[in-house]
Engineer: 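Provided herewith is a single structure, encoded as structure tokens, for subsequent inquiry.
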Amino acid sequence: MVGIVGIITTSVVMRRFFNSPVHITEDMVGLMLSAMLFLALPLVTLRAEHVRVSIVADALQSRIPRLLRIAAMLVGVLFFGWILLEAIPWFEFAWKRNLKSETARVLLYPWMAALPLSVAVTWVIFAGRLLGLLAPERPHAPEELQ
């Protein structure tokens, strides 16, 4: 986050005072933000801090808590497995062709590696919870988040 703010600040100062913006700002900020968001996904999953539709979850939690938790983990395993299968060829395409960003000419595949890596780790977390290898998630109560 500090890097993103630093690049944007530098670009604004350069444009305002020297009439010469940093040409890599948009590319680098976009790549850094994407990588940061994808790499945060496993941590959010491990801590069970995803956005929830609490009215549905609370209503069903009292009736079938174990079944609901297993169904949620199965959906997570299937979804992240599917995304991983889609992300690997996408990453290989960029790797084989040495794709670069349009403006800054920065290699894209190191940044694109964040998606399959993140999805794979998230898949392992869901699979580990489903198989009982990881402790079950403990969602935070609303008052804990404040």
Side-chain angles (χ1 to χ4, degrees), residues 1-12 14-15 21-146:
M1 200 62 172
V2 172
I4 292 172
V5 171
I7 291 172
I8 291 172
T9 302
T10 303
S11 184
V12 168
M14 292 293 291
R15 184 176 345 117
V22 180
H23 72 284
I24 65 167
T25 301
E26 288 80 14
D27 284 354
M28 291 308 298
V29 167
L31 291 170
M32 291 169 75
L33 183 61
S34 298
M36 184 175 60
L37 292 173
F38 283 123
L39 292 174
L41 182 61
L43 183 61
V44 170
T45 302
L46 189 61
R47 292 180 178 175
E49 293 179 345
H50 289 285
V51 174
R52 298 178 187 274
V53 181
S54 60
I55 192 166
V56 175
D58 292 346
L60 294 176
Q61 190 73 18
S62 62
R63 296 187 181 126
I64 47 174
R66 183 166 167 75
L67 184 62
L68 183 64
R69 192 170 54 248
I70 290 171
M73 287 186 285
L74 280 172
V75 168
V77 165
L78 291 172
F79 177 77
F80 285 102
W82 171 57
I83 294 296
L84 183 60
L85 291 175
E86 294 290 328
I88 290 173
W90 175 73
F91 171 74
E92 287 176 346
F93 179 82
W95 173 282
K96 289 178 183 175
R97 287 164 182 77
N98 282 330
L99 295 182
K100 296 180 180 171
S101 65
E102 192 171 326
T103 306
R105 307 300 299 157
V106 175
L107 278 175
L108 291 177
Y109 66 81
W111 299 93
M112 292 170 73
L115 176 62
L117 175 68
S118 169
V119 169
V121 172
T122 304
W123 186 88
V124 168
I125 292 168
F126 273 114
R129 282 212 175 108
L130 188 61
L131 297 172
L133 300 173
L134 290 174
E137 64 183 29
R138 188 185 71 81
H140 298 286
E143 60 275 0
E144 291 179 17
L145 298 176
Q146 297 175 354

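All values reported here derive from a predicted model rather than from experimental measurement.
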Engineer: Please tabulate, one pair per line, all N/O donor-acceptor pairs under 3.5 Å involving side-chain atoms of residues 103-123, not counting sequence neighbours.
Structural biologist:
residue : atom : partner : partner atom : Å
Ser118  : OG   : Phe38   : O            : 2.3
Thr122  : OG1  : Ser118  : O            : 2.8
Trp123  : NE1  : Val77   : O            : 3.1

Engineer: Could you go step by step and tell me if Met73 and Arg69 meet the side-chain contact (heavy atoms from CB on, under 4.5 Å) rule?
Structural biologist: CA-CA 6 Å; Met73 287 186 285; Arg69 192 170 54 248; 3.9 Å; yes
Engineer: Report, as yes or no, whether the 6.0 Å neighbourhood of atom CD1 on Ile55 holds more than 12 heavy atoms from other residues, nucleotides or ligands.
Structural biologist: no
Engineer: Taking the side chain as every heavy atom from C-beta outward, state whether Met32 and Val29 have any pair of such atoms under 4.5 Å apart.
Structural biologist: no
Engineer: Mark yes or no for whether Arg129, through its side chain, and Leu46, through its backbone, hold a donor-acceptor pair below 3.5 Å.
Structural biologist: yes
Engineer: State the CZ-CG distance between Phe91 and Leu84, to the nearest 0.5 angstrom.
Structural biologist: 12.0 Å
Engineer: Nearest heavy-atom pair of Leu134 and Ile125: which atoms, and what distance?
Structural biologist: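 In this case the closest contact between Leu134 and Ile125 is CD1-O, 3.6 Å.
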Engineer: Would you find a donor on one side and an acceptor on the other, under 3.5 Å apart, between the side chain of Thr10 and the backbone of Gly6?
Structural biologist: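 Flag set: sc Thr10 to bb Gly6 pair under 3.5 Å.
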Engineer: How about Met28 and Val22: do any of their side-chain heavy atoms sit closer than 4.5 Å?
Structural biologist: no
